[in-house]
Trainee: 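Encoded as structure tokens, here's the structure I'll be asking about.
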Number of protein chains: 2
Amino acid sequence: MTSEREFLDAYDPRAFPATAVTVDVVALTIRDGRLHLLLIERGEHPFAGTRALPGGFVREETLEEAARRELAEETGLRPENLGRVHLEQLGTFGDPGRDPRMRVVSVAYLAFAPSLPDPRSGGDATAAGWFPVDEVGSLAFDHGDIVAAGLERARSKLEYTPLATAFVGPEFTIAELRSVYSAVWGEDLHAGNFHRKVLSVPGFVESTGATTERGGERGGPRARLYRAGDARLLHPALLRPTSEDGVR
Amino acid sequence: MTSEREFLDAYDPRAFPATAVTVDVVALTIRDGRLHLLLIERGEHPFAGTRALPGGFVREETLEEAARRELAEETGLRPENLGRVHLEQLGTFGDPGRDPRMRVVSVAYLAFAPSLPDPRSGGDATAAGWFPVDEVGSLAFDHGDIVAAGLERARSKLEYTPLATAFVGPEFTIAELRSVYSAVWGEDLHAGNFHRKVLSVPGFVESTGATTERGGERGGPRARLYRAGDARLLHPALLRPTSEDGVR
DNA sequence: CAAATAGTGTCTCTAAGACATTATTAG
DNA sequence: CTAATAATGTCTTAGAGACACTATTTG
């Protein structure tokens with residue numbers, strides 16, 4: 001029951017059991033055609049020596065600002081240079097006991113980034129790096145669950161939003177875009193049908209008029225270049241190949 | 001090097017600023033063919049006399065348990081009788097200043113319920129009630145934003161999940177289901193096409209073999225009764241009538 | 001030259017939506 | 001009887017996917 005007592009207690013921040021609020025970031029990028037995840041190696045207990053998501057305590061800032069700050073710190077980029085990085089709230093994880101020290105409620109964020117340099121230039125002592133998502137072992141805390149939620153959200157987002165463009169540079173070819181879908185979905189897509197489909201969705205991409213300087217490494221014509229269009233939703237959606245028909 | 005055990009024993013949970021963590025619940029139901037929202041009237045400052053979402057501080061429990069508990073308290077139902085109520089995490093709202101007293105991070109939950117009795121039987125002093133969503137004025141804190149997020153989530157969820165069945169009883173007619181879609185989407189749907197569509201999606205509904213006892217109040221044949229099927233996703237989805245083609 | 005790739009054309013099948021039709025009930 | 005509604009049928013069109021094909025480039 002939300003009693004008066006509880007509300008009065010709220011005026012004294014020390015009167016109820018301390019709860020910490022953190023943010024954790026599931027940052028995804030694509031390197032060499034494979035989906036990668038940003039991880040750090042913890043230097044302190046608990047889970048010292050185990051890999052974990054980048055994150056930390058929320059300060060006097062919005063939750064999204066905290067996530068952007070943590071991401072900037074670990075990637076070595078300045079926050080203002082994270083402009084092309086897509087960031088969205090993923091979910092909040094707060095089971096009692098998920099952190100052995102105390103009650104910690106963590107707001108998880110999901111980030112889509114174009115290929116970024118290796119971390120560590122930040123000078124921080126934490127060993128951070130990009131790891132292929134299918135080679136990530138067990139993680140600290142409940143970060144494995146958080147990553148699983150992030151991957152599922154990412155796969156779903158590619159279906160009905162143009163966010164695949166957040167993984168590539170400002171100008172890209174249809175084949176690069178297809179490579180993003182293949183990496184995130186883990187499935188090969190039919191080149192011809194994908195091409196026609198992308199161009200048929202209004203506002204998904206718009207032509208720059210230019211083409212690549214060279215053809216593919218193993219032959220093939222030059223490809224036309226596109227940039228992201230102004231659509232925020234894909235109509236009609238670009239659905240995943242039907243793995244099994246409906247989750248039952 | 002200290003062991004993890006020693007580290008935890010020496011850990012002081014009070015070593016950093018406390019933040020309050022609450023849950024707020026956007027509980028939706030359908031009454032008389034219109035979408036309704038559960039609200040309370042605040043008895044205390046801040047926002048005394050203003051309507052707000054039911055919610056409160058998180059205790060030694062999971063976040064979802066906290067949401068279920070708050071919902072049970074305000075509806076007067078026992079938590080174990082909330083079995084047919086769908087509950088999912090909606091998002092977390094934590095801007096500094098959203099609560100004038102202190103930093104409060106609120107985890108919002110979204111609930112879909114079949115028509116429930118009027119609250120207040122719970123005996124609590126808070127004046128709670130169901131209000132049509134299109135007659136909800138301004139709310140306390142940032143609860144207006146939370147409600148907007150909940151409504152958009154609900155509209156979207158009806159498209160690709162069978163959660164419309166959470167708004168009706170265990171047995172229902174196709175027309176009742178259509179009424180749910182109409183109420184949530186705010187649009188009339190074509191009866192014939194809707195009927196065929198629902199039956200064509202595998203696992204959405206399954207027939208009970210029975211029919212209603214009587215026809216409609218103003219005539220018409222008896223309708224067949226269905227219960228929810230075992231699908232957790234609708235394939236293919238039941239898309240909203242295209243309001244505008246793509247949000248730009 | 002051969003191999004690879006960009007981009008387009010064609011065909012089939014599914015599904016959505018507009019609309020009509022029949023059967024069954026209340027009043 | 002009439003009005004309303006459940007359930008089904010028909011037709012048109014959009015879109016997904018399989019597949020073929022042409023043009024262009026690399027080595």
Trainee: Tell me the interatomic distance from K197(B), atom NZ, to dA7(D), atom C1', rounded to whole angstroms.
Mentor: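 That distance rounds to 18 Å.
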Trainee: Please give, in whole Å, the distance from dA6(C) P to Y226(A) OH?
Mentor: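 So the two atoms are 11 Å apart, to the nearest Å.
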Trainee: Between G220(B) and G192(B), name the one whose nearest nucleotide on DNA chain D is closer to the 5' end.
Mentor: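 The residue mapped nearer the 5' terminus is G220(B).
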Trainee: Which nucleotide sits closest to the side chain of P236(B): dA16(C), dA18(D), dC19(C)?
Mentor: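 Of all the options, the side chain of P236(B) is nearest to dA16(C).
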Trainee: Side chains of T92(A) and T92(B): is there a donor and an acceptor less than 3.5 Å apart?
Mentor: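 T92(B) and T92(A) do have a side-chain donor-acceptor pair below 3.5 Å.
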Trainee: Does dA7(D) have OP1 or OP2 under 4.0 Å away from a side-chain N or O of H195(B)?
Mentor: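 Yes.
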Trainee: Could you state the CZ-C1' distance from F204(B) to dA15(C), rounded to the nearest angstrom?
Mentor: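 The distance from CZ of F204(B) to C1' of dA15(C) comes to 16 Å, rounded to the nearest Å.
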Trainee: What is the nucleic acid contact for G219(A), judged by heavy atoms within less than 4.0 Å: base, sugar-phosphate only, or nothing?
Mentor: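 Answer is base: heavy atoms of G219(A) come under 4.0 Å of a base.
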Trainee: If you draw a 6.0 Å radius around CZ in R218(A), do more than 12 non-hydrogen atoms from other residues or ligands fall strictly inside?
Mentor: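 No, not enclosed.
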Trainee: Rounded to whole Å, please give me the gap between CZ in F194(A) and C1' in dT5(C).
Mentor: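 For the pair F194(A) CZ and dT5(C) C1', the rounded distance is 15 Å.
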Trainee: What integer distance in Å separates E176(B):CD from dA6(D):C1'?
Mentor: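 After rounding, the gap between these two atoms is 13 Å.
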Trainee: Taking the side chain of N193(B) as its heavy atoms from C-beta onward, which of dT8(C), dG17(C), dA7(D) lies nearest to it?
Mentor: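 Closest nucleotide among those given: dG17(C).
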Trainee: So do the side chains of E70(B) and E73(B) get within less than 4.5 Å of each other, counting heavy atoms only?
Mentor: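 When only atoms from C-beta onward are counted, E73(B) and E70(B) do touch, with a gap below 4.5 Å.
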Trainee: Within this structure, what is the CG-to-C1' distance between L199(A) and dT8(C), rounded to whole angstrom?
Mentor: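 After rounding, the gap between these two atoms is 11 Å.
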Trainee: Does G215(B) reach a base, just sugar-phosphate, or nothing at all? Heavy atoms under 4.0 Å.
Mentor: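 The residue G215(B) makes sugar-phosphate contact but no base contact.
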Trainee: Within the side chain of R34(B), is there an N or O that forms a donor-acceptor pair under 3.5 Å with the backbone of F131(B)?
Mentor: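 No.
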Trainee: Using a cut-off of less than 4.0 Å, is there contact between a side-chain N or O of R214(B) and OP1 or OP2 of dT25(C)?
Mentor: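 No.
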Trainee: Is the CG atom of D188(B) crowded by more than 12 outside heavy atoms at less than 6.0 Å?
Mentor: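 Counting neighbours around CG of D188(B), 12 or fewer heavy atoms of other residues, nucleotides or ligands fall under 6.0 Å, so no.
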Trainee: Looking at R178(B), does any N or O in its side chain come under 4.0 Å of the phosphate oxygens OP1/OP2 on dA6(D)?
Mentor: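 Yes.
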Trainee: Describe the nucleic acid contact of R196(A) in one word from base, sugar-phosphate, nothing, applying a heavy-atom distance below 4.0 Å.
Mentor: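 Touches a base.
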Trainee: Apply the test side-chain hydrogen bond (donor to acceptor under 3.5 Å, both in side chains) to residues T62(B) and D95(A): give CA-CA distance (whole Å), side-chain angles for both, the deciding distance (0.1 Å), then the verdict.
Mentor: CA-CA 5 Å; T62(B) 67; D95(A) 281 1; 4.8 Å; no
Trainee: Ignoring backbone atoms, establish whether R218(B) has a side-chain N or O less than 4.0 Å from OP1 or OP2 of dT25(C).
Mentor: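 False: R218(B) side-chain N/O out of range (4.0 Å or more) of dT25(C) OP1/OP2.
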Trainee: dA2(C) P sits how many Å from E217(A) CD, rounded?
Mentor: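 One finds 23 Å between P of dA2(C) and CD of E217(A), rounded.
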Trainee: Looking at dG7(C), dA16(D), dT5(D), which one has an atom nearest to any side-chain atom of P221(B)?
Mentor: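 Nearest to the side-chain atoms of P221(B), counting from C-beta on, is dT5(D).
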Trainee: Give the rounded distance in Å between these two atoms: CG of D188(B) and P of dT5(D).
Mentor: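 Rounding to the nearest Å, CG of D188(B) and P of dT5(D) are 12 Å apart.
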Trainee: Please work out if A191(B) contacts a base, only the sugar-phosphate, or nothing of the nucleic acid, heavy-atom cut-off 4.0 Å.
Mentor: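 Contact class for A191(B): none.
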Trainee: Given dG7(C), dC19(D), dA16(C), which nucleotide is nearest the side-chain atoms of R224(A)?
Mentor: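 Given the options dG7(C), dC19(D), dA16(C), the side chain of R224(A) is closest to dG7(C).
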Trainee: For L238(B) and for I174(A), locate the closest nucleotide of DNA chain C by heavy-atom distance; then report the residue assigned to the nucleotide nearer the 5' terminus.
Mentor: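 The residue closer to the strand's 5' end, by nearest nucleotide, is I174(A).
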